[in-house]
Q: 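Dumping the structure here so I can ask a few things about it.
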Amino acid sequence: MIMISACLIGVRCRYDGNEVPNEDLVELFKQGRAIPICPEVLGGLDIPRASCEMVQREGVRSILNQKGEDCTAQFNEGARISTEIALAAGVKHAILKSKSPSCGCGKIYDGTFSKCLIDGNGVTAEAFMANGIKVWNEENYIEWLK
Ligand code: SF4
């Protein structure tokens with residue numbers, strides 16, 4: 001079983017409440033091969049919500065929204081719950097939305113809300129990797145499944 005970011009199959013859980021499905025991944029879900037999760041909603045955040053980015057200051061990582069509110073606790077809780085579900089379901093691979101402060105793997109936004117990317121992982125992607133789950137995104141998973 002594959003764990004997948006719920007927004008990638010069109011669930012309206014994104015910060016802006018929009019529906020942005022990836023049709024190939026919707027098909028994967030319809031085939032019964034994927035479990036959708038949204039760590040930010042599982043952590044208690046609303047839909048819609050102010051967008052968030054990860055900020056690193058003096059070695060301390062925080063997740064702030066555009067209003068400057070600290071959402072680190074909700075992101076950590078979402079990662080914890082998502083990881084618990086993944087491990088209980090025996091998930092070995094996840095396809096997570098790129099660039100997100102929860103789901104991004106390899107590149108995330110830099111905390112300035114200016115669309116700049118830096119090297120790094122979202123909170124849930126990092127928790128998955130720490131627990132032996134291989135994380136792909138909506139572009140590079142094709143290399144694995146082909
Ligand atoms: Fe939820 Fe992850 Fe999609 Fe953000 S990227 S809406 S946390 S599933």
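In each ligand, atom 1 is the first atom listed, and ligand 1 is the first ligand listed. These numbers come from the heavy atoms of this one structure, side chains and all, not from hydrogens, waters or symmetry mates. Throughout, residue positions are numbered sequentially from 1 according to the sequence presented.
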Q: From atom 2 (Fe) of ligand 1 out to just under 2.8 Å, does an N/O/S atom of C13 turn up?
A: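 Checking C13: none of its N, O or S atoms is under 2.8 Å.
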Q: Can you list the ligand 1 atoms lying under 4.0 Å from a non-hydrogen atom of S102?
A: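 Listed by number with element: 7 (S).
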Q: Counting each atom of ligand 1 from 1 as listed, which ones have a heavy atom of R49 under 4.0 Å away?
A: 6 (S)
Q: Answer yes or no: is there a side-chain heavy-atom contact under 4.5 Å between I95 and N137?
A: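 The answer is no, as the side chains (C-beta and beyond) never meet within the 4.5 Å cut-off.
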Q: Given that the side chain starts at C-beta and the backbone is N, CA, C, O, which of these parts of K97 lies under 4.0 Å from ligand 1, counting heavy atoms, or is it both or neither?
A: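 The answer is the side chain of K97.
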Q: Just jot down the ligand 1 atoms closer than 4.0 angstrom to any heavy atom of A6, in number order.
A: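 With A6 as reference, the close atoms of ligand 1 come out as 8 (S).
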Q: Is the shortest side-chain heavy-atom distance between S100 and E40 below 4.5 Å?
A: yes
Q: Counting from 1, what ligand 1 atoms have a heavy atom of I37 closer than 4.0 Å?
A: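 Heavy-atom distances to I37 below 4.0 Å select 8 (S).
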Q: Find the distance between CG (L145) and CH2 (W136) and round it off to the nearest 0.5 Å.
A: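 Here the interatomic distance stands at 8.5 Å.
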Q: In the protein, which heavy atom is nearest to atom 3 (Fe) of ligand 1, and how far is it?
A: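 Protein heavy atom at minimum distance: C7 SG, 2.3 Å.
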Q: As an exercise, identify every atom of ligand 1 less than 4.0 angstrom from a heavy atom of R14.
A: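 Going through ligand 1 atom by atom, the ones under 4.0 Å from R14 are 6 (S).
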Q: Who's the nearest protein heavy-atom neighbour of atom 4 (Fe) of ligand 1, and how far?
A: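 Scanning the protein heavy atoms, the shortest distance from atom 4 (Fe) of ligand 1 goes to E40 OE2, 3.6 Å.
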Q: For K99, is there an ion pair with E53 - N to carboxylate O distance below 4.0 angstrom?
A: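 So E53 does not pair with K99 through a salt bridge.
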Q: Measuring from atom 1 (Fe) of ligand 1, which candidate in S5, P39, G43, C38 has the nearest non-hydrogen atom?
A: C38
Q: Among all protein heavy atoms, pick the one closest to atom 2 (Fe) of ligand 1 and tell me residue, atom and distance.
A: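 Protein heavy atom at minimum distance: C103 SG, 2.4 Å.
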Q: Flag the pair R12 / C7 as yes when at least one side-chain heavy-atom distance between them is below 4.5 Å, and no otherwise.
A: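 No. Closest side-chain heavy atoms not under 4.5 Å.
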Q: Could you state whether Y15 and L45 fall into the same hydrophobic cluster, counting links through intermediate Ile, Leu, Val, Met, Phe, Trp or Tyr residues with side-chain heavy atoms under 4.5 angstrom apart?
A: no
Q: Hydrophobic cluster membership, with links at side-chain heavy-atom distances under 4.5 Å among I/L/V/M/F/W/Y: are L42 and V91 in one?
A: yes
Q: Enter the distance from N65:CG to Q74:CD here, rounded to the nearest 0.5 Å.
A: 9.0 Å
